[in-house]
Number of protein chains: 2
Amino acid sequence: MLSQKCKYAIRTILYLASKNEEGEKKDLKKISEALKIPTPYLGKILQELVPKKIISSIKGPNGGFFLTEQNLQLPVIKIIEAIDGLTLFEACGLGLHVCSDKHPCPIHNDFKVARDHLKNMFANKSIEELAKEINSKHFMLI
Amino acid sequence: MLSQKCKYAIRTILYLASKNEEGEKKDLKKISEALKIPTPYLGKILQELVPKKIISSIKGPNGGFFLTEQNLQLPVIKIIEAIDGLTLFEACGLGLHVCSDKHPCPIHNDFKVARDHLKNMFANKSIEELAKEINSKHFMLI
DNA sequence: AGAATTAAAGACCTTTTTATCTTTTATTTA
DNA sequence: TAAATAAAAGATAAAAAGGTCTTTAATTCT
């Protein structure tokens, strides 16, 4: 469904968001240990997200990764778009290049319902909203 | 979503089903050319499905792959189960090992709706049913 | 029986994904 | 300014997915 890379990214960002008290930064090691994600790999992933303005970082002592107000307002689908792209929400369920409402594959209609449901959820929930739910309903990230 | 291998398998089986007039067999080359799937790779895939009783085959001249009445009655999910397994329909959307209604991840509830929708579709449609729709509504397989 | 046909089986190759390790650069603080 | 800290960058490695090729076995037809 989502790639491992993308799932790691979402979990990390929701973790940062749910602990985002007054610009608190978290360093790579702290994050990777908390979420049990391989440290060097997570470093790679987070490096990709900084220039794409999905997360923020500062080098040096007391540096680390964090989320700005702008970052927090992004819908979760932006994370997915940055890592996996949006093909998941657009591609044919059977892998056909040509598959549309007009020229559907055999499972097109049902598949589309499920695909759109997912897409809408990810497009409509901001990182901040989800983080608030995590804190109030103590959803699991680990 | 589904692996390439699995999508190839489903398309092949729906192709066989939609042309299943009086035990007609199709050889590997014919199928792979019709569906534009790499011949040796498709061979590999179909070999896996024969001992699992999802498709049938006969060697030698005029041999090939075909579907018995029993094969036709299988729900499409059996193909998925044989190739990818059922983890797609069971696993957490964020890759957590522990994620359930009782201990949900942040996207558990919405994810489950989409996941179950897909699962129900694949579990409730038999290969034969889908093949009939293909023939009557000329859905695309290529 | 022998040639032709077609699936089965297995070894091999390529690409992508996932993960690790090392070096460099920026920043802070003592 | 020097030492410490932490991200950035890049090279490398391991595993999985996707795909190819060659040989073998079963069947049919002449």
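Given the structure is predicted, the values throughout are model-derived calculations rather than measurements.
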For [X] and [N], give me the distance from atom [atom1] to atom [atom2], rounded to whole Å.
| X | N | atom1 | atom2 | result |
| --- | --- | --- | --- | --- |
| A/Lys36 | C/dA19 | NZ | P | 16 Å |
| B/Phe66 | C/dT6 | CZ | P | 15 Å |
| B/Ile45 | C/dA9 | CD1 | P | 16 Å |
| B/Lys26 | C/dA7 | NZ | C1' | 17 Å |
| B/Gln47 | C/dG10 | CD | P | 9 Å |
| A/Tyr8 | C/dT17 | OH | P | 15 Å |

Please walk me through it: do B/Asn124 and B/Ile77 pass side-chain contact (heavy atoms from CB on, under 4.5 Å)? CA-CA 8 Å; B/Asn124 293 332; B/Ile77 203 172; over 6 Å; no

A/Glu128: what forms a salt bridge (charged side-chain N to carboxylate O under 4.0 Å, His left out) with it, not counting sequence neighbours?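 So A/Glu128 forms no salt bridge (charged side-chain N to carboxylate O under 4.0 Å, His left out) with any residue.
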
List in chain and number order the residues that pass salt bridge (charged side-chain N to carboxylate O under 4.0 Å, His left out) with B/Glu129, two or more places apart in sequence or in another chain; answer none if no residue qualifies.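 B/Glu129 satisfies salt bridge (charged side-chain N to carboxylate O under 4.0 Å, His left out) with no other residue.
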
Distance in Å, A/Asp27 CG paired with A/Ile58 CD1, rounded so as to fall on 0.5 Å steps: 13.0 Å

Reported OG-to-CZ distance for the pair B/Ser56 and B/Phe65, which is rounded to 0.5 angstrom: 10.5 Å

How would you give the extent of chain B contacts on DNA chain D, as first and last nucleotide 5' to 3' within a 4.0 Å heavy-atom cut-off? D/dG18 to D/dC29

Mind running side-chain contact (heavy atoms from CB on, under 4.5 Å) on A/Lys26 and A/Tyr15 for me, showing each step along the way? CA-CA 10 Å; A/Lys26 298 271 185 214; A/Tyr15 172 76; 4.1 Å; yes

Counting the atoms with a prime plus P, OP1 and OP2 as sugar-phosphate, which does [X] contact under 4.0 Å by heavy atoms, base, sugar-phosphate, or nothing?
| X | answer |
| --- | --- |
| A/Pro40 | base |
| A/Leu46 | nothing |
| B/Thr39 | nothing |

Please determine whether side-chain contact (heavy atoms from CB on, under 4.5 Å) holds for the pair B/Phe111 and A/Met1, giving the CA-CA distance in whole Å, both sets of side-chain angles, and the decisive distance to 0.1 Å. CA-CA 11 Å; B/Phe111 191 78; A/Met1 187 76 83; 3.8 Å; yes

Restricting to nitrogen or oxygen on both sides, can you table the protein-nucleotides 11-14 of chain C pairs closer than 3.5 Å?
| unit_1 | atom_1 | unit_2 | atom_2 | d |
| --- | --- | --- | --- | --- |
| C/dA11 | N6 | B/Lys44 | NZ | 2.8 |

Classify every nucleotide of nucleotides 25-30 of chain C by which part a protein heavy atom approaches to under 4.0 Å, writing B for the base, S for the sugar-phosphate alone and - for neither, in 5'-to-3' order. BBBBS-

Do other residues, nucleotides or ligands put more than 12 heavy atoms under 6.0 Å from the NZ atom of B/Lys7? yes

Taking atom CD of A/Glu90 as the centre, does the number of heavy atoms from other residues, nucleotides or ligands within less than 6.0 Å exceed 12? yes

Could you name each residue pair satisfying salt bridge (Lys or Arg N to Asp or Glu O under 4.0 Å) that touches residues 105-119 of chain B, not counting sequence neighbours? B/Asp101-B/Lys112

Indicate the atoms forming the closest heavy-atom contact of B/Ala9 with B/Ile45, along with that distance. CB-CG2, 4.0 Å

Below 4.0 angstrom from OP1 or OP2 of C/dA8, is there any side-chain N or O of B/Ser57? yes

